[in-house]
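As the structure lists them, so they are numbered: ligands from 1, and atoms in each ligand from 1.
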Amino acid sequence: MKTSELRQKFLQFFESKGHQIVRSSSLVPYDDPTLLFTNAGMNQFKDVFLGFDKRPYNRATTAQKCVRAGGKHNDLENVGYTARHHTFFEMMGNFSFGDYFKHDAIRFAWEFLTSPEWLNLPKEKLLATVYAEDDEAYNIWLNEIGLPAEKIIRIGDNKGGRYASDNFWQMGDTGPCGPCTEIFYDHGEHIWGGPPGSAEEDGDRFIEIWNNVFMQFNRDEAGNMNPLPKPSVDTGMGLERMAAVMQHVNSNYEIDLFENLLKAAARETGVAFSMEIPSLKVIADHIRACSFLIADGVMPSNEGRGYVLRRIIRRAVRHGYKLGQKNAFFYKLVPDLVKEMGDAYPELKEKQTQIMEALRGEEARFGETLEKGMGLFNQVWRGMQFLKLESLLPVDGVGEPLKLKTADGIGFTV
Ligand code: SER
């Protein structure tokens with residue numbers, strides 16, 4: 001099943017269960033100073049959960065653009081080196097605003113995943129975690145869904161504090177939050193990793209595919225948990241992870257959408273395409289974050305959101321350099337991205353030219369900076385053992401300014 005078909009099926013399923021399909025909100029959160037970027041499907045509904053805003057529907061479903069590259073949920077450093085971390089990703093979600101709660105949320109998720117009419121996943125491949133104190137969710141999995149007890153794992157406050165738990169979701173330091181139940185898929189014995197809660201949980205065998213949050217509290221600045229006006233539901237299913245399951249691959253980078261972007265990255269950097277080159281994954285990941293951010297009005301700059309965007313662009317460009325591409329190339333991947341995602345997100349098509357210009361401008365500026373730095377380097381260190389540019393580039397660091405080092409340990413800054 002192609003990624004685009006999976007996206008469509010999710011929305012159709014929840015529409016058939018009385019949910020309103022709502023468009024993704026912008027990556028720039030509207031009127032919310034607690035957030036740098038939209039990082040979850042529930043962001044656009046925060047005030048609805050809190051009871052400050054009302055909508056003409058009490059069930060909604062979305063495919064939401066998310067960026068986790070700054071702030072509380074930040075995945076940037078892992079990107080390119082793991083099977084499933086991204087700066088930009090799509091979160092499929094269903095939401096209940098004071099309507100259904102734990103029973104229906106769990107039943108809906110199970111039906112979508114296992115019904116032959118929908119995804120038809122083998123039940124024995126699925127496991128669930130629940131918040132340790134949440135007997136209600138535990139019993140729903142055991143008695144209503146029929147999941148064997150050994151496949152329902154209770155996770156308590158495992159992150160050093162009351163409610164600090166993998167199974168207690170919080171949007172930020174304040175705001176709506178609550179216990180959650182997460183659904184995991186077992187990719188099989190041939191892949192290293194253990195079930196959630198075990199010492200090997202960070203391996204790639206058991207992958208979380210869907211988080212169902214039971215929104216019950218509003219955490220305030222003093223850390224008090226104030227009950228929400230009505231218990232609600234916020235869920236998030238990672239589209240890329242789920243596409244990997246449906247396409248029988250273990251890494252998100254092997255799904256149809258990414259394979260095409262990786263090939264475009266190989267073409268533009270002039271290397272032979274291979275799944276084993278982390279730099280290609282970095283570039284394929286970063287073109288999505290950068291293009292979507294620019295489409296939503298963020299421009300590279302030295303502060304705030306623009307600064308994070310600048311760092312992501314420069315990280316991609318440095319990885320291009322590492323592969324031997326010394327000219328501007330990153331902006332040339334935009335048409336490939338538009339081909340993959342422009343139907344689902346028309347803003348990409350509409351803003352294609354602006355995105356390409358912004359990226360090309362930033363690549364040119366960064367290229368000049370590098371050249372200036374190298375000129376300086378030549379002047380100052382002429383006569384010394386000289387390392388080639390690419391061996392000096394700290395491609396894994398994203399900090400600015402660039403700190404370079406020679407083999408002798410002499411540092412300089414670009
Ligand atoms: N808000 C929850 C999460 O981001 C569920 O969508 O995991």
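Under a 4.0 Å N-O distance rule, the pair Glu357/Arg360 does not qualify as a salt bridge.
Scored by the side chain to side chain contact (heavy atoms under 4.5 Å, CB included) test, Pro29 finds Asp32, Leu35, Thr38, Arg305 as partners (sequence neighbours excluded). Residues satisfying the side chain to side chain contact (heavy atoms under 4.5 Å, CB included) criterion with Glu268, sequence neighbours excluded, are Phe329, Lys332, Leu333. Legend: residues meeting salt bridge (Lys or Arg N to Asp or Glu O under 4.0 Å) with Glu111, ordered by chain and number and at least two apart, are Lys17.
Taking the centre and axis of the six-membered ring of Tyr138, the NZ or CZ atom of Arg154 falls inside the cone set by 45° and 6.0 Å.
Note on ring orientation: taking the six-membered ring where Trp is involved, the planes of Phe101 and Phe214 are perpendicular (angle over 60°, cut-offs 30° and 60°).
Listed by chain and number, Ala40, Met42, Arg68, Met91, Trp169, Asn211, Val213, Asp234, Thr235, Gly236 each place a non-hydrogen atom less than 4.0 angstrom from ligand 1.
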